[in-house]
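By convention in this document, chain letters (A, B, ...) are assigned in the order of the sequence lines, proteins followed by strands, and residues within each chain are numbered from 1.
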2 protein chains.
Amino acid sequence: MLDNKEITIYDIASKLNISTATVSRALKDDPVVSKKTKKKVFDLAEQMGYRSNHFARNLRSQRTETIGVIVPRLNSYFMSTVIAGIESVANQAGYNLIISQSSESTDNEKMNAKTMFNNRVDGLLVSLAYDTDDLSHFDIFHKKNIPLIFFDRVSEHVHSSNILIDNRKAAYGVTSHLISQGCRKIAHITATSDSNVYVDRLAGYTHALADHSIAADKEYIIYSDLSQEAGAAAAQHILQMKHRPDAIFVANDNCAVGCMLALKQAGIRIPGDIAFAGFNNDPVSTVVEPNLTTINYPGYEMGETAARHLINHLNGNASMHIANTILLRSELIVRASSEKRR
Amino acid sequence: MLDNKEITIYDIASKLNISTATVSRALKDDPVVSKKTKKKVFDLAEQMGYRSNHFARNLRSQRTETIGVIVPRLNSYFMSTVIAGIESVANQAGYNLIISQSSESTDNEKMNAKTMFNNRVDGLLVSLAYDTDDLSHFDIFHKKNIPLIFFDRVSEHVHSSNILIDNRKAAYGVTSHLISQGCRKIAHITATSDSNVYVDRLAGYTHALADHSIAADKEYIIYSDLSQEAGAAAAQHILQMKHRPDAIFVANDNCAVGCMLALKQAGIRIPGDIAFAGFNNDPVSTVVEPNLTTINYPGYEMGETAARHLINHLNGNASMHIANTILLRSELIVRASSEKRR
DNA sequence: TTGTAGGCGTTATCAT
DNA sequence: ATGATAACGCCTACAA
């Protein structure tokens with residue numbers, strides 16, 4: 001038995017012989033309505049299976065209670081963790097999430113942004129695609145005063161906040177750690193991307209070398225797409241180098257693992273011949289043998305922070321302009337892959 | 001400079017001295033409108049920065065172009081892959097996604113369902129929480145004729161479709177494979193859950209043993225929460241068993257990996273002493289050594305199928321009642337962890 | 001081919 | 001404490 005007829009406040013009002021205005025007020029617990037009336041309204045609404053119509057409400061109130069999320073990929077450990085964090089905060093605060101992925105394509109990102117805009121999200125959380133440099137597709141949000149927060153893959157945009165970790169510092173720490181283990185010929189595998197994430201990690205690596213008076217060698221900077229397969233390919237390249245590195249710092253764990261496995265297969269001992277460090281603290285880092293030294297990247301917390309920051313702003317509880325950039329703490333986790341001395 | 005004033009079809013109509021009806025029709029490319037008028041409308045709309053108001057439209061049309069998704073957890077490899085699949089199809093078809101996680105709690109699931117209902121999703125895709133057995137919180141959807149599709153963690157509900165793999169058959173295949181490798185004392189690590197997923201895998205395991213005239217031993221069925229830590233704990237249990245198994249089939253890869261690592265640490269050789277098989281084809285399965293034999297679970301495809309199925313139904317292109325259950329193909333991937341003979 | 005006008009369900013403003 | 005009523009922006013009979 002289907003009852004497709006939706007109950008509206010008119011139905012409740014007419015049954016109770018009161019006005020829709022009173023019903024509307026009662027339903028939102030307006031203190032101006034008498035307790036008696038409220039109870040009658042609540043009970044009847046419950047009994048008739050009333051549900052409020054968000055669209056009518058949004059149409060009136062010009063708010064949607066919806067947050068848009070655009071990420072490069074949904075199916076990575078890191079990103080799904082971030083999204084779990086966002087969801088938990090948003091859900092608690094009564095906000096809905098609409099989520100889309102750019103698949104690392106700036107064109108998709110533009111379309112996604114437009115969709116979000118047309119859906120009139122109250123605010124937007126974005127992690128940029130690999131090679132997005134022009135941010136003009138986000139201008140419309142600023143024009144309509146819709147708050148925009150970038151996380152992880154961020155970009156300097158005058159009117160938006162950024163939430164990220166200090167990639168430079170983290171990479172500096174990793175590299176220094178490798179140096180402290182006696183390594184001098186340290187390679188770095190990074191992405192062919194201008195994203196802050198990889199640029200900053202490279203900068204941290206470079207600075208650490210310089211601070212320890214180790215000459216930088218261009219040959220030791222290897223560009224890839226950071227996939228596990230790319231790690232294996234990088235391994236082949238490394239095997240053929242004249243001056244093999246004695247340590248490799250990879251910009252993410254997945255790629256590090258691919259590289260490690262391939263080198264091991266070729267008879268290289270880790271960390272004996274080559275020490276290893278990754279980035280992210282992905283689950284694979286505790287599965288690969290030896291376990292991978294890495295940076296713990298607090299994805300869940302980043303999601304929570306981004307969502308909370310945005311919602312606070314929407315509620316007028318905090319000004320987004322004050323905290324233009326929020327840096328989350330990250331930490332070095334030393335595991336066997338880099339312990340040459342113990 | 002902010003312009004918060006929204007452009008409506010009224011603005012366009014009055015500027016062009018035509019009616020809103022014509023503008024509305026032109027905007028949706030109604031063939032009844034003259035090309036000339038259409039062009040004028042399009043151009044002006046573009047120029048004025050018009051965007052249609054979904055809420056007004058939804059309020060009229062009683063549709064939302066939104067699909068709700070409820071999953072137990074967002075941050076697992078499998079689930080994020082499924083969601084990526086859903087997103088790609090939904091986005092292509094012009095549907096939005098609103099996503100929430102039950103965190104394996106039936107209470108959360110109920111709240112999520114209610115939220116989805118109040119948001120008037122056009123349809124709902126659900127993977128059930130660990131211990132949901134009563135499905136009455138989904139009755140409201142059926143009452144309003146809102147299509148509901150379960151995937152992976154499903155349940156027999158008269159009015160909904162299920163999309164899953166044949167867990168029983170897959171588990172039967174895994175177990176038979178282990179038997180073919182010469183194993184006779186095969187343990188199974190599963191979840192303390194009545195979910196079809198684990199019940200069916202257990203059934204497949206049991207049947208395979210029976211079909212090969214191997215006596216089932218209750219001691220060989222180990223219950224856990226299937227986390228990596230639980231795998232390690234199971235390993236301790238196994239080490240203390242009088243009659244140690246010579247093979248272990250674990251209901252997911254994560255837990256299998258945790259168990260393998262702990263056993264290896266204790267000096268057990270894999271597959272020599274104990275062969276291993278998991279389930280899901282999670283990335284860790286190709287990182288652990290030896291690589292883990294597993295079942296390839298087509299998560300992305302499952303997401304695509306679920307979304308496509310739902311959208312077809314919403315568009316009236318296919319009846320959901322015809323295909324009440326859709327089984328996706330899964331396949332055994334044999335890797336070193338189970339190859340006793342080669 | 002275009003226009004008129006009513007209604008989708010809610011909320012805010014003004015009265016009472 | 002409650003009611004009447006006008007928006008919110010769009011769509012679609014029906015009329016012209």
Side-chain angles (χ1 to χ4, degrees), chain A residues 3-42 44-45 48-66 94 96 117-122 144, chain B residues 3-42 44-45 48-66 94 96 117-122 144:
Chain A
D3 57 293
N4 279 307
K5 187 110 147 288
E6 289 287 346
I7 306 299
T8 72
I9 54 174
Y10 284 99
D11 301 320
I12 296 177
S14 69
K15 274 224 181 180
L16 291 177
N17 268 319
I18 58 179
S19 74
T20 59
T22 302
V23 175
S24 174
R25 285 191 279 251
L27 251 19
K28 53 171 24 180
D29 215 11
D30 190 323
V32 85
V33 179
S34 76
K35 290 222 165 183
K36 236 169 113 182
T37 314
K38 251 185 219 169
K39 177 149 176 45
K40 279 196 294 185
V41 171
F42 274 130
L44 186 59
M48 297 180 76
Y50 167 82
R51 56 172 175 167
S52 86
N53 187 317
H54 284 208
F55 307 108
R57 192 220 308 272
N58 291 339
L59 182 56
R60 274 292 322 205
S61 67
Q62 305 286 29
R63 284 191 75 183
T64 66
E65 316 276 283
T66 296
N96 285 121
F117 186 69
N118 288 333
N119 274 285
R120 285 175 161 68
V121 294
D122 287 348
K144 294 280 186 224
Chain B
D3 59 294
N4 279 306
K5 187 111 151 286
E6 289 288 345
I7 306 299
T8 72
I9 54 174
Y10 287 96
D11 301 321
I12 297 177
S14 70
K15 275 225 180 179
L16 292 177
N17 268 321
I18 59 180
S19 74
T20 60
T22 302
V23 175
S24 173
R25 285 192 278 251
L27 250 19
K28 55 171 23 183
D29 215 10
D30 190 323
V32 85
V33 179
S34 77
K35 292 223 167 183
K36 234 169 114 182
T37 313
K38 251 185 219 167
K39 176 146 177 44
K40 280 195 293 184
V41 170
F42 275 130
L44 187 59
M48 297 180 77
Y50 168 81
R51 56 171 175 170
S52 88
N53 187 317
H54 284 209
F55 306 108
R57 192 221 308 271
N58 290 338
L59 183 58
R60 273 280 332 201
S61 67
Q62 306 285 31
R63 286 190 76 185
T64 67
E65 317 276 285
T66 296
N96 285 121
F117 186 69
N118 288 333
N119 273 285
R120 285 178 162 66
V121 294
D122 287 348
K144 295 281 186 221

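Residues A/Leu16 and A/Thr22 have side chains not in contact (no heavy-atom distance under 4.5 Å, counting atoms from C-beta outward). Counting heavy atoms from C-beta outward, A/Asn119 and A/Thr64 have side chains that stay 4.5 Å or more apart.
Side chain of B/Arg51 to main chain of A/Phe117: a donor-acceptor pair is present (N/O by atom type, distance under 3.5 Å, no hydrogens or angles). Between the side chain of B/Lys144 and the backbone N or O of A/Glu6 there is no donor-acceptor pair closer than 3.5 Å. Under the 3.5 Å distance criterion, the side-chain polar atoms of B/Ser61 are matched with a main-chain donor or acceptor of B/Arg57.
Rounding to whole angstrom units, CD1 of residue A/Ile7 and C1' of C/dG9 are separated by 13 Å. One atom, CG of A/Asp30, and another, P of C/dT11, lie 11 Å apart when rounded to the nearest Å. With rounding to whole Å, A/Lys39 atom NZ is found 18 Å from D/dA1 atom P. Atom CG in A/Asp11 sits roughly 13 Å away from atom C1' in C/dT10 (whole-Å rounding). A/Ile9 places its CD1 atom 12 Å from the C1' atom of C/dC8, with the value rounded to the nearest Å. In this structure, B/Lys40 atom NZ and C/dT1 atom P are separated by 14 Å, rounded to whole Å.
Relative to the side chain of A/Thr20, the nucleotides C/dT2, D/dT2, D/dT5 differ in distance, and D/dT5 lies closest. Each of C/dT2, D/dC10, D/dG3 was ranked by its minimum atom distance to the side chain of A/Ile18; first place goes to D/dG3.
Taken to the nearest 0.5 Å, the CZ atom of B/Phe55 stands 10.5 Å off from the NE2 atom of A/His54. Between the CG atom of A/Asn53 and the CG atom of A/Asn58 there is a distance of 8.5 Å, given to the nearest 0.5 Å.
Regarding contacts with the backbone of C/dG3, a side-chain N or O of B/Ser19 is found under 4.0 angstrom from either OP1 or OP2.
For NZ of B/Lys15, the number of neighbouring non-hydrogen atoms (other residues, nucleotides, ligands) closer than 6.0 Å is 12 at most.
Listed by residue number, the members of residues 21-29 of chain A with any heavy atom below 4.0 angstrom from DNA chain D are A/Ala21, A/Thr22, A/Arg25. Listed in residue order, the members of residues 53-63 of chain A having a heavy atom less than 4.0 Å from DNA chain D are A/Leu59, A/Arg60, A/Gln62.
The residue A/Val32 sits close to a base: some heavy atom pair falls under 4.0 Å.
At a cut-off of 3.5 angstrom, the base of C/dC8 holds no donor-acceptor pair with the side chain of A/Tyr10.
Counting all heavy atoms, side chain and backbone alike, B/Tyr50 lies closest to B/Leu27 at CE2-CD2, 3.7 Å.
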